[in-house]
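This report concerns only the one structure given below.
In what follows, every heavy atom counts, from backbone to side chain, and hydrogens, waters and symmetry copies are set aside. For this chain, numbers begin at 1 and follow the sequence in order.
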Amino acid sequence: MEAYAAIIERQGGEFVLDNVSIEDPRDGEVLVKVAAAGMCHTDLTVRDQYYPTPLPAVLGHEGAGVVEKVGRGVSTVKPGDKVVLSFSYCGTCPSCLKGHQAYCPSLFPLNFMGRRLDGSTPITRNGEDVNACFFGQSSFATYSIASENNCVKVADDAQIELLGPLGCGIQTGAGAILNSLQPAPGSSIAIFGVGSVGLSALMAAKSSGCLKIIAVDRNPARLEVARELGATDVIDASTTNAQEAIVAMTGGGTDYAMDTTAIPQVLRSAVESTHNLGETAVVGGAKLGTEFSLDMNNILFGRKLRGVVEGSSTPQVFIPQLIAMQKAGLFPFEKLCSFYDFDQINQAVEDTEKTGSAIKAILRM
């Protein structure tokens with residue numbers, strides 16, 4: 001099948017739009033006609049080769065669309081179904097069987113190596129292989145080959161163009177709160193970095209009953225959005241020592257903190273902004289090999305630090321929950337979204353990465 005795809009050809013380069021050929025789905029695979037795909041920070045870190053996905057590659061991992069064709073053995077979706085595409089996992093290891101798909105030992109090869117596990121790729125350009133299978137989908141294309149595991153069926157009347165970001169960024173932020181930290185009603189939390197992940201976490205914290213929600217960022221416009229979405233306090237980290245301010249305004253520190261920035265110094269500030277017995281979640285993806293340091297005595301006195309991948313979610317369960325919360329007015333993630341035509345992909349990158357004017361860019365195919 002012929003398709004149109006955005007390809008990263010070299011480290012740090014722009015997306016190049018070109019015609020490609022896509023295979024029919026193999027056993028356990030699904031061909032999806034992509035309606036829209038969100039732009040995520042992880043796409044840009046892979047463009048810059050923070051993770052070693054081989055290039056040239058078709059990225060994109062927040063796709064949503066309609067099932068066109070299914071391979072043998074697929075039973076949970078059928079042609080005509082609307083689906084959100086999330087991350088890929090094996091489904092058979094102990095982690096997956098216990099409902100911890102985000103911690104599948106095969107997560108990295110299935111999501112970042114640009115190939116099926118047998119070394120093949122479903123995309124070619126002029127007869128030459130193009131690395132794909134990114135997060136099991138490579139949805140920066142008009143058609144995507146996904147696995148059955150990372151297809152989440154949604155209602156026939158779902159606003160499919162809006163839902164792609166639930167597959168990664170929004171799921172990550174909300175799940176870090178609802179599935180991992182699980183803050184008690186009346187508790188306090190500080191969120192460091194209020195892009196799409198941090199703002200999703202903020203909305204989830206509000207829905208959980210957190211009474212003090214502190215947003216920290218260096219972008220005044222995003223801090224204003226944070227306030228509109230429920231932040232009780234905002235801190236501009238470009239002019240204020242966030243850690244000192246948080247400890248002062250809470251009388252010793254918050255119950256919870258979350259770092260979305262992947263900056264070691266910011267993560268340390270997040271941990272040290274909590275009180276004894278406080279808990280911090282780190283969700284930002286840093287360059288492989290990045291290290292950070294902590295004062296051991298701060299951890300000794302009861303503080304906790306935990307890593308969270310993909311919101312610790314089971315996508316087939318959690319994504320429908322987020323859709324239901326949005327319909328009920330409890331999780332208005334649509335306020336984060338800006339839409340672009342597919343051929344505006346490099347403008348979407350600039351607005352996301354350089355100017356910050358787009359919180360969650362969504363590409364319409």
Side-chain angles (χ1 to χ4, degrees), residues 1-3 5 20-38 58-102 104-124 129-158 160-161 163-164 166-168 171 310 313-323 365:
M1 172 176 286
E2 295 303 304
V20 298
S21 296
I22 297 184
E23 290 183 352
D24 280 343
R26 297 184 181 183
D27 294 357
E29 292 183 341
V30 179
L31 177 67
V32 176
K33 184 177 183 179
V34 180
V58 178
L59 305 180
H61 63 286
E62 293 181 345
V66 179
V67 175
E68 187 94 354
K69 188 183 296 187
V70 300
R72 289 190 306 174
V74 173
S75 61
T76 58
V77 295
K78 64 184 186 303
D81 285 345
K82 290 183 175 180
V83 292
V84 173
L85 303 179
S86 192
F87 62 93
S88 188
Y89 54 90
C90 77
T92 58
C93 70
S95 292
C96 288
L97 294 175
K98 292 176 182 177
H100 302 305
Q101 289 88 345
C104 173
S106 297
L107 195 78
F108 201 90
L110 285 171
N111 290 274
F112 286 99
M113 295 315 295
R115 302 273 171 157
R116 299 182 178 100
L117 293 181
D118 67 3
S120 64
T121 174
I123 296 181
T124 57
D129 285 353
V130 176
N131 293 291
C133 303
F134 187 61
F135 277 69
Q137 56 179 279
S138 287
S139 53
F140 285 166
T142 51
Y143 287 89
S144 168
I145 289 287
S147 68
E148 182 178 18
N149 279 350
N150 61 314
C151 289
V152 180
K153 183 179 176 180
V154 297
D156 291 342
D157 63 352
I160 197 64
E161 289 187 343
L163 300 183
L166 296 177
C168 185
Q171 169 177 255
E310 291 290 351
S313 71
T314 299
Q316 286 76 8
V317 175
F318 192 53
I319 289 175
Q321 290 174 343
L322 293 178
I323 294 171
M365 303 303 168

Legend entry - Distance-minimising heavy-atom pair for Ser313 and Phe87: O-CZ, 3.8 Å
Legend entry - From CZ (Phe140) to CD (Glu62), nearest 0.5 Å: 7.5 Å
Inset, instruction - Please say whether more than 12 non-hydrogen atoms of neighbouring residues, nucleotides or ligands are located less than 6.0 Å from CG in Asp27. - result: yes
Legend entry - Note, Val67 side chain near Lys153 side chain (heavy atom, < 4.5 Å): no
Inset, instruction - Indicate yes or no for a side-chain donor-acceptor contact from Thr314 to the backbone of Gly99 under 3.5 Å, with no hydrogens or angles considered. - result: yes
Legend entry - Rounded distance (nearest 0.5 Å) linking atom SG of Cys133 with atom CD1 of Ile123: 7.5 Å
Inset, instruction - Quick one: do Lys78 and Val70 satisfy side chain to side chain contact (heavy atoms under 4.5 Å, CB included)? Show the steps, please. - result: CA-CA 7 Å; Lys78 64 184 186 303; Val70 300; 5.5 Å; no
Inset, instruction - Give a yes or no on whether the backbone of Asp156 and the side-chain of Lys82 come within a donor-acceptor separation of less than 3.5 Å. - result: yes
Legend entry - Main-chain N/O of Asn111 paired with Ser88 side-chain donor or acceptor, under 3.5 Å: no
Inset, instruction - Take Ser144 and Gln137 through the test side chain to side chain donor-acceptor pair (under 3.5 Å) and record every step on the way to the result. - result: CA-CA 6 Å; Ser144 168; Gln137 56 179 279; 5.6 Å; no
Legend entry - Straight-line distance of Thr142 OG1 to Glu2 CD, nearest 0.5 Å: 9.5 Å
Legend entry - Nearest heavy-atom neighbours spanning Glu29 and Val74: O-CG2, 3.5 Å
Legend entry - Expected output: side-chain Tyr89 to main-chain Asn149 donor-acceptor under 3.5 Å: yes
Inset, instruction - Evaluate the side-chain proximity of Pro122 to Arg116: yes if any heavy-atom separation is below 4.5 Å, no if none is. - result: yes
Legend entry - Short side-chain to backbone donor-acceptor contact, Glu148 and Ser75, under 3.5 Å: yes
Inset, instruction - Please check if the side chain of Ser86 supplies one atom and the backbone of Asn150 the other of a donor-acceptor pair under 3.5 Å. - result: no
Inset, instruction - For Ser147 and Gly136, indicate whether the former's side chain and the latter's backbone hold a donor-acceptor pair under 3.5 Å. - result: no
Legend entry - Nearest heavy atoms of Met365 and Ser139, plus distance in Å: CE-O, 3.5 Å
Inset, instruction - Could you check Ser120 against Asp118 for side chain to side chain donor-acceptor pair (under 3.5 Å), going step by step and ending with a plain yes or no? - result: CA-CA 6 Å; Ser120 64; Asp118 67 3; 2.6 Å; yes
Legend entry - Inter-residue atom distance Ile160.CD1 - Lys33.NZ, 0.5 Å rounding: 13.5 Å
Inset, instruction - To the nearest 0.5 angstrom, please state how far the CE atom of Met113 sits from the OG atom of Ser106. - result: 12.5 Å
Inset, instruction - Check the pair Ser95, Gln101 against side chain to side chain donor-acceptor pair (under 3.5 Å), reporting the backbone distance first and the verdict last. - result: CA-CA 6 Å; Ser95 292; Gln101 289 88 345; over 6 Å; no
Inset, instruction - Work out which heavy atom in Glu68 is nearest to a heavy atom in Pro79; give both atom names and the distance. - result: O-CB, 3.8 Å
Inset, instruction - Using the test ring-ring contact (aromatic ring centres under 6.0 Å, His included), find all partners of Phe135 that sit at least two apart in sequence or belong to another chain. - result: His61, Phe112
Legend entry - Closest non-hydrogen atom pair, Cys151 against Gln316: O-NE2, 3.4 Å
Inset, instruction - Could you pull out the closest heavy-atom pair between Ile145 and Asp24, with the gap in Å? - result: CD1-C, 4.0 Å
Inset, instruction - Output the distance between atom CG (Leu166) and atom CD1 (Ile323), rounded to the nearest 0.5 Å. - result: 5.5 Å
Inset, instruction - Check side chain to side chain contact (heavy atoms under 4.5 Å, CB included) between Pro320 and all other residues, then give those that pass, not counting sequence neighbours. - result: Val152
